[in-house]
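When reading the values below, keep in mind they use all heavy atoms of this one structure, side chains included, and skip hydrogens, waters and symmetry mates. The chains referred to below are lettered A, B, ... by the order of the sequence lines, with proteins before strands, and numbering in each begins at 1. Note that the coordinates shown come from a computational prediction; the quantities given were computed from them, not determined experimentally.
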Amino acid sequence: MGENKKLLLIDGNSVAFRAFFALHQSLDRFVNHNGLHTNAVYGFKTMLDNIITSVEPTHVLVAFDAGKKTFRNKKYADYKGGRAKTPTELSEQFPYVKKLLEAYGMKYYELQNYEADDIIGTLAKQAEEQDFETTIVTGDRDLTQLTTTKTMVAVTQKGVTEVERYTPEHVEEKYGLKPAQIVDMKGLVGDSSDNYPGVTKVGEKTAIKLLKQFKSVEGIYANIDELKKSKMKEHLVADKDVAFMCKDLAQIKRDVPLEITLTDTTWKGSNEKELIAFFQEMDFKRFLEKLRATTPEAKTAQVIEQIKFVNLTADKLAEIDFSNPKEVVFYLEMLGDNYHKAPLVGFAFKIEGKYYVARNTDLLREPKLRALLENENVVVDLFDGKRTFVGLNRLGIHLANIGFDLLLISYLLDTSDNSNDLGKLARQHNYDQVLEDEQVYGKGVKVKIPEDDTLYYSHLCNKVRTIQALRKTLLEGLAKNRQEELYDKIERPLSLVLAEMEIDGITVDPQKLEEMGSEFKERISEIKEMIYQEAGEKFNLNSPKQLGVILFDKMKLPVIKKTKTGYSTAVSVLEKLRGMAPIIDNILKYRQIAKIQSTYIEGLLKVIFEKDSKVHTRYTQTLTATGRLSSVDPNLQNIPVRLAEGKKIRQAFVPRKKGWQIFSSDYSQIELRVLAHISHDDNMQAAFREGQDIHANTAMNIFELASPEEVTSNMRRQAKAVNFGIVYGISDYGLAQNIGITRKQAKEFIEKYFRIFPGVKKYMKDIVEKARVDGYVETLFKRRRYLPDIKSRNYNIRSFAERTAMNTPIQGSAADIIKVAMINMQKMLKEKNLKARMLLQVHDELIFEAPNEEIPILEEIVPQVMDAAVSLDIPLKVESSFGKTWFDAK
DNA sequence: ATCTTCACG
DNA sequence: ACGTACGTGAAGATA
């Protein structure tokens, strides 16, 4: 029986200290939702996992120091004196380290008047007598004195994951001493962190030499006369009392009157449920996921209270009377991301306290249910209103009144944590009575709806319950942030506007794409041939790695930039190599056309819906950190426009009917106008009020010109880059890179800029300061972005957060403005009974299709509505155009 | 899954 | 001294 007993003893304080300082540089990133620092807990946990894996203990005890004073202070009042106070960021974590241990099912112990060392020493001795194999983990090398053939001491290295294992052999090898002599060495050398001095001028080297000769402190003094006359001898004689006292202090006690026995330290493993709860409290998301993924028991360990539900059928529906419901919580399930075509596989709802659930979504078309969803007086709470609206629309049902949208509100509360999975998101709000879809449906190619009714129906009902459970807290959060208006007046109505735009889709002419495709295909193979000729071999042109070998190894062209994995072959690099070899121009041309071909011709063709020859993008409303939309499947916000070849793609985007036009309006320099508004900069505001060309104006100022006529196109181009730089949170380096000037020149530009626009300079300073104080920045409409990195000690991380602080209110407010315009625009089109449809949003422009006869109306009302979206200190400016394709609307 | 590149505002 | 512009999505290669 004896040979299997393995005891693990951990010096809790020492390991927590090590963990804390090992992760000190990322202190700011380890903060949970309650503002608690968690780096030491995290490091401690990592250490525990490692040591458990390697030791596989049967018994565990974690010892802590109890209070400040111990018996050693009676012997030496200054023991551990002059120590810097434990940082509060660490001391606040000790209770949670203990909580972690409880979840791990590990005993911990502390005893007044003794240090953790002494508890460990005592138990190690007992373990020795009872034939345990013992491992001691600590950050303190003093404990190596406890090393024996049956007791190994693992001392944490720089981090906490690596340890140095001390066996008697290793001690011998490292110091040339027996473990028991470590105390003698301490007595001679002293310990600055424990604040006892040792013998003057005796360090580790001298101490070891002496101990090799005389075995112990006692031995040294018994034979002190044998030593030759030396300064060292004088010190030894003078500090004799000190040496004995220090040895005594360093000696770990092995007979502490413990109230626990080794039997009490028996370890039976961790409590999964408690661990999950604990990780949730700490916001240890990766550990949580790992736990769920790797331990099958974890799934069952998470107790989810079973919901009683009615499995709805047409027959049962007939018996139910939804007398006069005011409110319903509803969830529609689809299998797949693309809700324009994903199979509708089930639904669940709660009404008047009861849950109903079914697989067959056709039931929703039954008059009773349809009436419920289409009733304007019934508020429907849900998760992802846009998705639900589009899904129901496919059943011919028009969802009338959305109340609480869990996904949308969760995003508004914190734009940076934006999961689209209900279960994942619920856990972020500390609610765990629902699984993630991946856990129920699987992932990758194996995704499927469970055949087991109870399992599946419970999951759907759990989702409904989650929506209801989180409603109150999240709405309170919204109120606390004063974001009710942002939700009620902007995001919620916008979700429906977007739904309609997505459902409408935009017509794409596949023949046109095919036509262009075959043309590009020919050119690609021509250029390819030329490149292979010049390279002298064939290779995969799409591989930056292989291209790098050709250019930099074979052709010996100069390396301009490297990436993590090798040579960079990006455009900026190739441009610098231009003229050195004709191959470069061909590569650039190849890249340009290959991109158009693969992404925009082939890519777009793949996503055209057969039945209507349209593409139906999805706008992600809850993704970007700034409040912008994004567009996927296909992305219609990055259709080429800058270069002539790519721009042709736009010829394939056509109106849905003959005799219709594509109409487009865009905000001119909206971000700079927003900046002029929020910075209150007089000069910038004046420039906009006077309707000046802002970039030319900037050029005049930074180049100190007397009149606008002196502004050359190059000056204007550079000034424009400066303006962009300002919006992005300027740095001299970035600007220099961008316009190919020296960093010094860039710096001068920026300084001049700030002299001309002092209000802007002040804004930049103030907003960074605000972010530091509040922890977040806001847009005009109170959209919020948290910036914890702004306090980072890491220059790069902090600088990035500072630029973000400057940029987000600008980019985000511009996003707010166009969102308002979209809502008003859609309303206007309906009120005026126009056939025109709003189809696309590309950050600062709106794209419509309309019959010819409505074009003059749009020309009037679209700019009007966009203009009036918000009232700033300065006017907004909107420019419009139209044509028979998107290409022609320029 | 991650990296690199490149399309857009 | 540090080493970047802000915000996105898609394709293809490579591990």
Side-chain angles (χ1 to χ4, degrees), chain A residues 415-416 443-444 539-548 561-574 587-588 590-604 606-607 617-620 623-643 645-647 649-650 666-672 675 721-739 743 746 750 777 785 792-812 814-815 818 840-846:
Chain A
T415 49
S416 56
K443 69 170 173 179
F539 62 99
N540 187 346
L541 248 176
N542 291 324
S543 160
K545 197 179 167 193
Q546 293 181 34
L547 179 61
K561 201 169 93 180
K562 288 198 142 198
T563 66
K564 259 182 249 176
T565 49
Y567 307 118
S568 171
T569 65
V571 167
S572 62
V573 171
L574 297 182
I587 292 168
L588 284 166
Y590 170 83
R591 283 258 178 94
Q592 197 198 329
I593 298 176
K595 171 85 179 175
I596 299 169
Q597 182 77 326
S598 65
T599 305
Y600 298 104
I601 306 252
E602 289 163 10
L604 220 40
K606 273 185 234 162
V607 292
T617 187
R618 294 178 338 266
Y619 289 101
T620 327
L623 183 139
T624 71
T626 54
R628 274 192 177 182
L629 301 174
S630 87
S631 156
V632 292
D633 199 10
N635 180 357
L636 294 180
Q637 291 182 320
N638 71 347
I639 301 300
V641 67
R642 288 169 193 170
L643 299 172
E645 322 238 43
K647 191 171 179 179
I649 294 290
R650 295 182 173 223
D666 68 286
Y667 284 113
S668 158
Q669 282 123 20
I670 187 164
E671 292 191 343
L672 281 174
L675 174 60
V722 175
N723 279 325
F724 271 102
I726 292 289
V727 168
Y728 294 153
I730 196 106
S731 80
D732 49 12
Y733 186 93
L735 179 63
Q737 279 278 302
N738 194 281
I739 51 177
R743 209 167 141 173
I750 294 165
V777 291
R785 180 175 185 178
S792 171
R793 282 140 190 76
N794 179 317
Y795 177 88
N796 284 326
I797 294 173
R798 186 175 67 249
S799 301
F800 184 60
E802 286 169 0
R803 292 195 296 273
T804 312
M806 300 182 228
N807 172 265
T808 295
I810 302 170
Q811 189 183 117
I818 195 162
L840 304 175
Q841 187 251 42
V842 191
H843 309 305
D844 63 359
E845 64 178 319
L846 295 176

Please tell me if A:Thr563 has a side-chain N or O lying less than 4.0 Å from either OP1 or OP2 of B:dT4. yes
Please check the phosphate of C:dG9 (OP1 and OP2 only) for any side-chain N or O of A:Ser631 closer than 4.0 Å. no
Nucleotide paired to B:dC3 in any strand shown, Watson-Crick or G-U, under 3.5 Å: C:dG12
I want to check one thing: is the phosphate of C:dA15, taken as OP1 and OP2, less than 4.0 Å away from some side-chain N or O of A:Lys545? yes
Can A:Tyr728 be said to stack with the base of C:dC6, given centres closer than 5.5 angstrom and planes under 30 degrees apart? yes
The side chain of A:Thr565 is closest to which nucleotide in this list: C:dC2, C:dT4, B:dT4? B:dT4
Looking across every strand, which nucleic acid part, if any, lies under 4.0 Å from A:Ala746 by heavy atom: base, sugar-phosphate, or nothing? nothing
Reported CD1-to-CZ distance for the pair A:Ile797 and A:Arg793, which is rounded to 0.5 angstrom: 11.5 Å
At less than 4.0 Å, is any side-chain N or O atom of A:Arg803 found next to OP1 or OP2 of C:dT4? Yes or no. no
Separation between CD1 (A:Ile593) and OG (A:Ser598), nearest 0.5 Å, reads 12.0 Å
Round to the nearest Å and state the distance from A:Lys562 atom NZ to C:dG3 atom P. 17 Å
Under 4.0 Å, counting only non-hydrogen atoms across every strand here, what does A:Phe724 touch: a base, just sugar-phosphate, or nothing? nothing
Using whole Å, report how far CD of A:Gln546 lies from C1' of C:dA13. 9 Å
Suppose we call a contact any N or O donor and acceptor under 3.5 Å apart; does that hold for the side chain of A:Arg785 and the base of C:dG7? no
Please report the distance separating the P of B:dC3 from the corresponding atom of C:dT4, rounded so that it comes out in whole Å. 15 Å
Tell me the partner of C:dA1, counting only Watson-Crick (N1-N3 plus N6-O4 or O6-N4) or G-U wobble (N1-O2 and O6-N3) with both under 3.5 Å; none if nothing fits. none
Given C:dG9, B:dT5, C:dG3, which nucleotide is nearest the side-chain atoms of A:Thr569? B:dT5
Does a salt bridge link A:Lys595 with A:Glu602, judged by any charged N lying under 4.0 Å from a carboxylate O? no
Looking at the side chain of A:Tyr733, which of C:dT8, C:dT4, C:dA11 is the nearest nucleotide? C:dT4
Name the closest nucleotide to the A:Gln592 side chain, picking from C:dC6, B:dA7, B:dT5. B:dA7
Could you give the distance separating C:dG3 and B:dA7 at their C1' atoms, to the nearest angstrom? 26 Å
In Å and rounded to the nearest 0.5 Å, what is the CG to CG distance from A:Leu846 to A:Leu840? 9.5 Å
Does C:dT14 have OP1 or OP2 sitting under 4.0 Å from an N or O in the side chain of A:Ser543? yes
Proximity to the side chain of A:Tyr600 - top-ranked nucleotide from B:dA7, B:dT4, C:dT4: B:dA7
Could you tell me whether A:Asn807 contacts a base, only the sugar-phosphate backbone, or nothing, with contacts defined as non-hydrogen atoms closer than 4.0 Å? sugar-phosphate
Taking C:dT8, B:dC8, C:dG3 as options, the one with an atom nearest any side-chain atom of A:Ser630 is C:dT8
With a 4.0 Å cut-off on heavy atoms, is A:Ile810 in touch with a base, just the backbone sugar-phosphate, or nothing at all? nothing
Considering every strand and a 4.0 Å limit on heavy-atom distances, what is the contact class for A:Asn542: base, sugar-phosphate, or nothing? sugar-phosphate
Determine the contact category for A:Val842: base if any of its heavy atoms lies under 4.0 Å from a base atom, sugar-phosphate if only primed atoms, P, OP1 or OP2 are that close, otherwise nothing. sugar-phosphate
Classify the nucleic acid contact of A:Ala625 as base, sugar-phosphate or nothing, counting any heavy atom under 4.0 Å across all strands shown. sugar-phosphate
Hey, does A:Thr599 reach any base, or is it just sugar-phosphate, or nothing, if we go heavy atoms under 4.0 Å? sugar-phosphate
Applying side chain to side chain donor-acceptor pair (under 3.5 Å), run through A:Thr808 and A:Arg785 and close with a yes or a no. CA-CA 8 Å; A:Thr808 295; A:Arg785 180 175 185 178; 2.9 Å; yes
Length of the line joining A:Ile730:CD1 and C:dG3:C1', which is rounded to integer Å: 16 Å
Please report, rounded to the nearest Å, how far the P atom of C:dC6 is from the NE2 atom of A:His843. 16 Å
Expressed as a whole number of angstroms, how long is the span from A:Ile587:CD1 to B:dT4:P? 18 Å
Over all strands shown, is A:Ile596 touching base, sugar-phosphate only, or nothing at heavy-atom distances under 4.0 angstrom? nothing
Base, sugar-phosphate, or nothing for A:Arg642, non-hydrogen atoms under 4.0 angstrom? base
Evaluation steps, side chain to side chain donor-acceptor pair (under 3.5 Å), between A:Ser630 and A:Thr620: CA-CA 5 Å; A:Ser630 87; A:Thr620 327; 3.1 Å; yes
Per the atom types in the model, does the base of B:dC8 pair as donor or acceptor with the side chain of A:Gln637 at under 3.5 Å? no
Would you give the length of the straight line joining atom CG of A:Leu541 to atom CZ of A:Arg591, rounded to the nearest 0.5 angstrom? 8.5 Å
Would you indicate which nucleotide in B:dT5, B:dC3, C:dA5 comes nearest to any side-chain atom of A:Lys564? B:dC3
Rounded interatomic separation in angstrom, taking CG from A:Leu643 and P from B:dG9: 11 Å
Of the listed nucleotides (C:dG7, B:dG9, B:dT5), which one gets closest to any side-chain atom of A:Thr804? C:dG7
So, is A:Arg628 near the phosphate of C:dG7, with a side-chain N or O under 4.0 Å from OP1 or OP2? no
For the pair made of CG in A:Leu541 and P in B:dT5, what is the distance, rounded to whole Å? 14 Å
Test side chain to side chain donor-acceptor pair (under 3.5 Å) applied to A:Asn542 and A:Tyr590, step by step: CA-CA 9 Å; A:Asn542 291 324; A:Tyr590 170 83; 3.0 Å; yes
Hey, does A:Gly603 reach any base, or is it just sugar-phosphate, or nothing, if we go heavy atoms under 4.0 Å? sugar-phosphate
Could you please name the option among C:dA10, C:dG12, B:dG9 that lies closest to any side-chain atom of A:Asn635? C:dA10
Ignoring the backbone of A:Asp732, work out which of C:dT4, B:dC8, C:dA5 is nearest its side chain. C:dT4
